[in-house]
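What follows is a single structure, written as structure tokens, with notes after it.
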Amino acid sequence: MNILLKTEADQKMQLDIQKIRQDFPILSQPFGESQKPLIYFDNAATSHKPKQVIDRISNFYACENATVRRGIYGISAQATLEFEKSRERIASFIGASSSQEVVFVRGCTEAINLVARSYGGSNLGEGDEVIISALEHHANIIPWQIICGEKKAKLKIIPINEAGEIQVDQLSELISPKTKIISVSHVSNALGSINPIKEIIQIAHAHNIPVLIDGAQSAPHFKIDVQELDCDFYTFSGHKIYGPTGIGVLYGKRKHLQAMPPFQGGGDMIDLVTFAQSTFAEPPHRFEAGTPAIAEVLGLSAALDYVDSIGLDNIHDYEDQLLQYATPKLQEIDGLKIIGTAKEKASLISFVIDSMHPSDLATLLDHDSNVAVRAGHHCAQPLMQFYKVSSTLRASFAFYNTFEEIDIFIESLKRVISMLR
Ligand code: PLP
């Protein structure tokens with residue numbers, strides 16, 4: 001079913017989306033028994049890749065493959081040049097003042113582990129405190145729990161309200177002279193809440209406390225300017241922003257990176273090595289031991305070019321239209337409850353349906369109409385405990401999704417519910 005779009009701008013957007021979809025080969029392939037195309041609503045887990053990214057990676061392996069930083073010969077020097085150009089591209093994408101503030105990591109998980117181990121390891125002592133929020137992904141809980149356990153430090157939690165909004169007015173009370181770092185997500189992967197990170201950063205800085213922002217779910221959806229935010233660390237994963245897996249970015253203010261010890265040891269992160277002792281390279285290389293993910297870095301750079309060619313403001317506006325379209329239609333379904341109703345939300349809807357298990361619903365949606373949605377705790381078990389559910393069903397939209405796909409999803413969900421009832 002095709003929906004009528006109200007304005008000319010909407011119609012143009014719809015036309016553009018059809019053109020954009022042609023860049024994503026997976027979206028036009030038939031899948032499963034039905035041989036229907038995939039309706040992919042699991043973009044918060046990972047996104048699909050446009051052919052511009054696939055071609056960039058394949059061209060590197062076909063024509064440019066060489067290691068970086070070490071080779072004197074031509075193609076290695078060329079690969080090094082492209083690699084470092086990508087670092088500059090990424091720095092400008094997030095508004096960093098220098099590419100030296102961009103550290104390549106495997107993803108947000110590794111970035112947060114790096115900061116917890118390196119910054120936390122050298123700044124936390126017995127009785128010190130780390131503050132996170134009640135809606136964090138395990139990637140922003142466990143690394144802090146581990147380092148706090150080792151250092152006998154305490155993990156404190158900023159509470160949320162029933163809508164899934166961080167209670168920022170309670171942050172000042174949680175902060176004490178023992179607070180050494182605050183680490184919060186920009187957007188909740190399980191609820192879609194957009195968190196008041198500007199306020200959190202301002203409050204933290206008034207107490208001289210650095211802030212790490214987990215941008216896994218924000219970088220793909222809206223423009224980030226780390227200097228304007230004034231965050232101390234910011235991280236995002238390549239695979240969620242239409243780039244490859246195995247690559248992510250940790251932004252860190254120069255003053256912090258320079259003071260931090262290495263995270264891992266090995267080749268490429270050293271200055272001088274003797275058996276007695278070694279000295280380490282300047283950041284960012286100090287934190288990049290071993291041969292880096294070269295093709296993935298180039299692929300990520302191509303993904304950011306692609307995102308910029310559409311425009312993050314256009315992406316955000318369109319995805320918000322998808323959210324505003326799907327939300328009331330879901331709310332009409334008998335027994336369906338949306339988990340996470342924050343005023344500011346990204347294009348993601350988590351919900352439960354009375355007496356039905358999210359896994360059963362997700363399996364049947366897949367069989368019925370090739371709709372891919374996520375069922376589970378979304379790596380946010382403490383958040384599920386807050387809502388007293390073990391799991392939810394989550395539909396997360398990207399700019400290549402359409403209103404028509406949402407209609408198919410809702411019709412399919414209604415069929416599946418009546419089957420289960
Ligand atoms: N933080 C949030 C909010 C996420 O949604 C995710 C992944 O879903 C992560 C961190 C971890 O990202 P990655 O698995 O790419 O390291």
Side-chain angles (χ1 to χ4, degrees), residues 40-49 90 94 103-117 132-146 157-158 160 164-166 182-197 200 211-222 224 231 233-251 263 287 293 296-297 299-300 303-304 319 339-340 342 344-350 372-384 386 391-398:
Y40 187 75
F41 289 161
D42 197 16
N43 294 286
T46 200
S47 60
H48 288 306
K49 322 302 169 200
I90 291 157
I94 54 170
V103 180
F104 289 126
V105 286
R106 280 190 295 133
C108 289
T109 304
E110 189 172 66
I112 300 170
N113 275 280
L114 190 163
V115 178
R117 178 113 333 253
I132 60 173
S133 87
L135 48 64
E136 299 307 321
H137 186 282
H138 296 163
N140 198 26
I141 302 174
I142 310 295
W144 299 113
Q145 241 171 15
I146 293 174
I157 314 296
I158 321 172
I160 53 168
E165 294 165 323
I166 287 185
I182 297 175
S183 188
V184 286
S185 55
H186 195 169
V187 172
S188 158
N189 67 304
L191 307 177
S193 324
I194 301 174
N195 299 322
I197 57 165
I200 292 174
V211 181
L212 182 152
I213 301 297
D214 170 0
Q217 302 294 342
S218 59
H221 303 291
F222 25 82
I224 299 300
C231 52
F233 300 100
Y234 181 92
T235 175
F236 68 97
S237 293
H239 69 101
K240 293 185 198 282
I241 190 163
Y242 315 101
T245 51
I247 186 68
V249 168
L250 170 68
Y251 158 82
F263 168 54
F287 303 103
E296 288 77 3
V297 164
L300 174 57
L304 302 187
E319 289 177 346
I339 305 285
E344 301 284 331
K345 267 186 80 168
S347 54
L348 178 166
I349 310 173
S350 243
V373 285
R374 184 62 162 264
H377 53 62
H378 315 295
C379 296
Q381 285 183 7
L383 186 60
M384 298 295 118
F386 173 83
S391 61
T392 73
L393 206 65
R394 180 186 72 185
S396 50
F397 309 123

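First listed ligand is number 1; within each ligand, the first listed atom is number 1. Residues: numbered from 1 along the sequence shown. Just the heavy atoms: all of them, side chains too, but no hydrogens, waters or symmetry mates, feed the values below.
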Distance-only donor-acceptor check, side chains His137 and Ser185, under 3.5 Å: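 Judged by distance alone, the side chains do not pair up.
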Can you name the residues that form a ring pair (Phe, Tyr, Trp, His ring centres under 6.0 Å) with Tyr40, not counting sequence neighbours?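 So Tyr40 forms a ring pair (Phe, Tyr, Trp, His ring centres under 6.0 Å) with His48.
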Test item: Val105 and Val249 side chains (from C-beta on) under 4.5 Å apart, heavy atoms: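 Of all side-chain heavy-atom pairs linking Val249 with Val105, none is under 4.5 Å.
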List in chain and number order the residues that pass side-chain contact (heavy atoms from CB on, under 4.5 Å) with Thr245, two or more places apart in sequence or in another chain; answer none if no residue qualifies. His239
Could you pull out every N or O of ligand 1 that sits under 3.5 Å from a protein N or O, with the distance for each pair?
from, atom 1, to, atom 2, distance (Å)
ligand 1, 1 (N), Asp214, OD1, 3.3
ligand 1, 1 (N), Asp214, OD2, 2.5
ligand 1, 5 (O), Gln217, NE2, 2.7
ligand 1, 8 (O), His137, NE2, 3.4
ligand 1, 8 (O), Lys240, NZ, 2.5
ligand 1, 15 (O), Ser237, OG, 2.7
ligand 1, 15 (O), His239, NE2, 2.8
ligand 1, 16 (O), Cys108, N, 3.3
ligand 1, 16 (O), Thr109, N, 2.9
ligand 1, 16 (O), Thr109, OG1, 2.6

Residue list, salt bridge (Lys or Arg N to Asp or Glu O under 4.0 Å) with Glu319, at least two apart or on another chain: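 Partners of Glu319 by the salt bridge (Lys or Arg N to Asp or Glu O under 4.0 Å) criterion come out as none, since no residue qualifies.
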Taking the inter-plane angle between the rings of His377 and His138 on a 0 to 90° scale, is it parallel (under 30°), tilted (30 to 60°) or perpendicular (over 60°)? tilted
